[in-house]
Amino acid sequence: MAEGAERKEQVAAWTADKKQISAYAMDLRQIGNVVVPPSGWKCAKCDKRDNLWLNLTDGMILCGRRNWDGTGGNNHAIEYYKETGYPLAVKLGTITSDLDAADVFSYPEDDSVIDPLLAQHLAYFGIDFSSLQKTEMTTAERELDQNTNFDWDRIQESGQDVEPIFGPGYTGLVNLGNSCYMAATMQVVFSTQSFCRRYYMNQSLKMAFETAPADPTVDLNMQLTKLAHGLLSGKYSFPAVEKGETTAPSVKDAVSFPLHISAMIEGIPPRMFKAVIAASHPEFSTMRQQDALEFFLHFLDQVERSNAVKPELDPSRSFKFGVEERILCSSGKVAYNKRLDYILSLNIPLHEATNKEELEAFNKSKAEKISEGKDVSSDEIVRPRVPLEACLANFAAPEEIPDFYSSALKAKTTAIKTAGLTSFPDYLVLHMRKFVMEAGWVPKKLDVYIDVPDVIDISHMRSKGLQPGEELLPGAAPEGAAESSQPVADEAIVAQLASMGFNQLHCQKAAINTLNAGVEEAMNWLLSHMDDPDIDAPITHGSQSAEISIDQSKVDTLISFGFQEEIARMALKASGGDIEKATDWIFNNPSASASSAMDTNASSNGPSTPVDAGLPDGGGRYRLFGIVSHIGTSTQCGHYVAHILKD
């Protein structure tokens, strides 16, 4: 019954931020003459005999909070705090001779805390902590179990006799402490042909080592090659040693080095890779839990940079595709905006659920049970089932843009926006937006199933571009400023930023200073320039204001990186002369050319290099081969797993 070291490490990693000493502990006032027995506790207001909390002010024993699914207590302890204001409570069943492990909760601080005088506070109620045994999980342990075991049976195929597999391509990644987001993502990434070829089939460890800089430990190319060989070679993937055996069972086609050494390795710990890929990132370099999608995009960005000298070798291109937005003004004229992306982010239309009748019956039954004080078991829960086809249709459906400024009408109007893909990548990554914002900007995770077929065909989502008979919206420059070469803010970008609550003038400046590259680029510029002293200065459209003084030495630095001079000047101009931001701008705008300094709407008239030039482009049929799932109900924590179709 002893708690193993691994379990202790898991809990410690889960609660990486150390508990603080409560501000209410040192001066806690204790009243009454209650003597608490060593066992046989029961809630003073109901029949609950577990999840009980002892109020350290007056010794009242009450049950804890009700969980989201109806389990847990009946909220009597927190309701008592709201009535009395008594601040501290300790969870009965967590008090042992190791008082540091006792679970003390501060209601006004809304967190687990440290009570340095806990022994004294317990003695007031006649509690001898040295003789007590641990019978309950702490809040941290319960959080860990709730999040890692949430629907674990379903996700892990519980109830089936599943045989662990091993060999080339079947190597596990050891958890480095809250690193499941990285492990799940990398398992899927290295199951793709593009990454397999680039870092395993076409590059040996020796080749990567010889071409690495002076310190290979900080070279991403070297660490990706090392990780690929670790995951795909099979050298680190053998059946676990059975109890009583001194060596592993023999394996056909085993590698030449001693088998009993490799048999002790259950997966590989990618410490060097994590250190390199996370070095420049303030979040991924920590031990905290992270979002797998954010990591995936950061990872592809770093891979693209490391292959900038030879872009034809860049495996991240297999995920990249073009997106085209068509905006139809009420005047009948159109505008086209193009951008590149790695993911197709899809909203989940809950109103398209296919099991509405069952949902209504469940919600009615749930309300009745809660009113009767009964729990709803996890087996009874009915979740909405939304087909993936409905999510894709929602992406392609026309969307109204209110308050769209039409340069044709010289007034605000309502426009219709539709979106499509200009190219179909080798691997299409769909991001299901399960994390949403409720009223009051409260984050919530949707509890919903997505029904995904094995094969989808999205060829109907290909964008056709400017069609015969369509007329483009004219440039939105004010009268008298036509001679200026100053770029004009794209009203579609401005409207989207303004709808998020940003100042109209700030939005226009963001669009202009990023050369109308897109909403994301404009928002990034806006967030990093909010404190600029001239952020509220009006926009001037004189020919002199269009010229920003650019330091030639900075231009030369970017040229030395291999960029063209005109691109270097545009990037420095868009980033306010900051070389690092200019480099980011170039990578985020690979199709930038001198012509893109003009208004994006007008530039669609003449011949130009397509935004998706050189990208892979196939048919619109895709077969599902990998899933990264987030397990847990919280938007802040949980557990990631990956399912991959092999062979």
Side-chain angles (χ1 to χ4, degrees), residues 156-157 160-176 179-212 216-217 219-277 292 295-296 299 303 313 315-316 318 426-427 623-629 640-647:
Q156 293 288 78
E157 295 80 40
Q160 298 182 28
D161 187 14
V162 179
E163 183 182 350
I165 53 177
F166 54 90
Y170 299 111
T171 306
L173 286 171
V174 174
N175 189 354
L176 304 179
S179 63
C180 55
Y181 67 91
M182 180 181 73
T185 302
M186 299 318 296
Q187 289 286 8
V188 174
V189 164
F190 276 102
S191 296
T192 64
Q193 285 294 316
S194 50
F195 274 83
C196 179
R197 281 195 299 265
R198 171 69 176 89
Y199 295 109
Y200 179 63
M201 297 169 69
N202 297 342
Q203 182 159 262
S204 67
L205 286 165
K206 184 178 181 183
M207 184 194 307
F209 193 83
E210 289 174 347
T211 56
T217 64
D219 178 49
L220 182 60
N221 179 61
M222 178 71 238
Q223 294 307 321
L224 281 169
T225 306
K226 176 182 171 185
L227 182 61
H229 282 256
L231 286 173
L232 302 173
S233 67
K235 290 183 179 180
Y236 306 95
S237 182
F238 290 93
V241 177
E242 297 292 331
K243 286 184 179 179
E245 289 186 18
T246 55
T247 60
S250 61
V251 180
K252 188 179 179 181
D253 300 325
V255 289
S256 57
F257 51 83
L259 190 57
H260 65 276
I261 296 175
S262 58
M264 304 309 290
I265 302 173
E266 292 187 2
I268 54 175
R271 293 189 183 90
M272 282 190 185
F273 166 71
K274 184 177 188 292
V276 172
I277 198 68
F295 175 75
F296 175 67
F299 168 75
V303 170
L313 298 179
S316 71
S318 62
D426 293 339
Y427 295 94
R623 179 179 296 278
L624 181 68
F625 100 102
I627 310 169
V628 175
S629 310
Y640 283 105
V641 296
H643 285 77
I644 303 165
L645 178 68
K646 297 265 189 174
D647 300 327

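For the side chain to side chain contact (heavy atoms under 4.5 Å, CB included) criterion with Pro270, the lone passing option out of Met182, Lys226, Met186 is Met182.
Atom CG of Leu232 is separated from atom OG of Ser191 by 7.5 Å, given to the nearest 0.5 angstrom. Distance check: Leu173 CG to Phe273 CZ gives 9.0 Å after rounding to the nearest 0.5 Å. To the nearest 0.5 Å, atom CG of residue Leu227 and atom CE of residue Met222 are 11.0 Å apart.
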Exercise. Any chance you could lay out the side-chain contact (heavy atoms from CB on, under 4.5 Å) test for Thr171 and Phe166, step after step, and finish with the verdict?
Key: CA-CA 7 Å; Thr171 306; Phe166 54 90; over 6 Å; no
Exercise. Step by step, work out the side-chain contact (heavy atoms from CB on, under 4.5 Å) result for Cys180 and Val641.
Key: CA-CA 7 Å; Cys180 55; Val641 296; over 6 Å; no
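Between the side chain of Gln223 and the backbone N or O of Pro216 there is at least one donor-acceptor pair closer than 3.5 Å. Of the possible polar contacts, none joining the Tyr640 side chain to the Thr185 backbone as a donor-acceptor pair under 3.5 Å is found. Under a 3.5 Å cut-off, the side chain of His229 and the backbone N or O of Gln203 do form a donor-acceptor pair. Ser179 contributes a side-chain N or O that, together with a main-chain N or O of Leu176, makes up a donor-acceptor pair within less than 3.5 Å. The backbone N or O of Met207 sits less than 3.5 Å from a side-chain atom of Ser204, completing a donor-acceptor pair.
Taking the six-membered ring for Trp and the full ring otherwise, the centers of Tyr200 and Phe195 sit at least 6.0 Å from each other. Remark: aromatic rings of Tyr181 and Phe295 are close, center separation under 6.0 Å.
Here the side chains of Leu624 and Leu645 are not in contact, with every heavy-atom distance at 4.5 Å or above. Contact check for Phe190 versus Leu224: side-chain heavy atoms found under the 4.5 Å cut-off. Counting heavy atoms from C-beta on, the side chains of Arg271 and Val174 never come closer than 4.5 Å. When side chains are defined from C-beta on, Tyr236 does not count as touching Leu231, because their heavy atoms never get closer than 4.5 Å. Residues Val189 and Phe296 are in side-chain contact: their nearest non-hydrogen atoms beyond the backbone lie under 4.5 Å apart.
The local environment of CZ in Phe209 is sparse, with at most 12 non-hydrogen atoms from other residues, nucleotides or ligands closer than 6.0 Å.
Taking the ring centre of Tyr170 as origin, the terminal cationic atom of Lys646 falls inside the region bounded by 6.0 Å and 45° from the ring axis.
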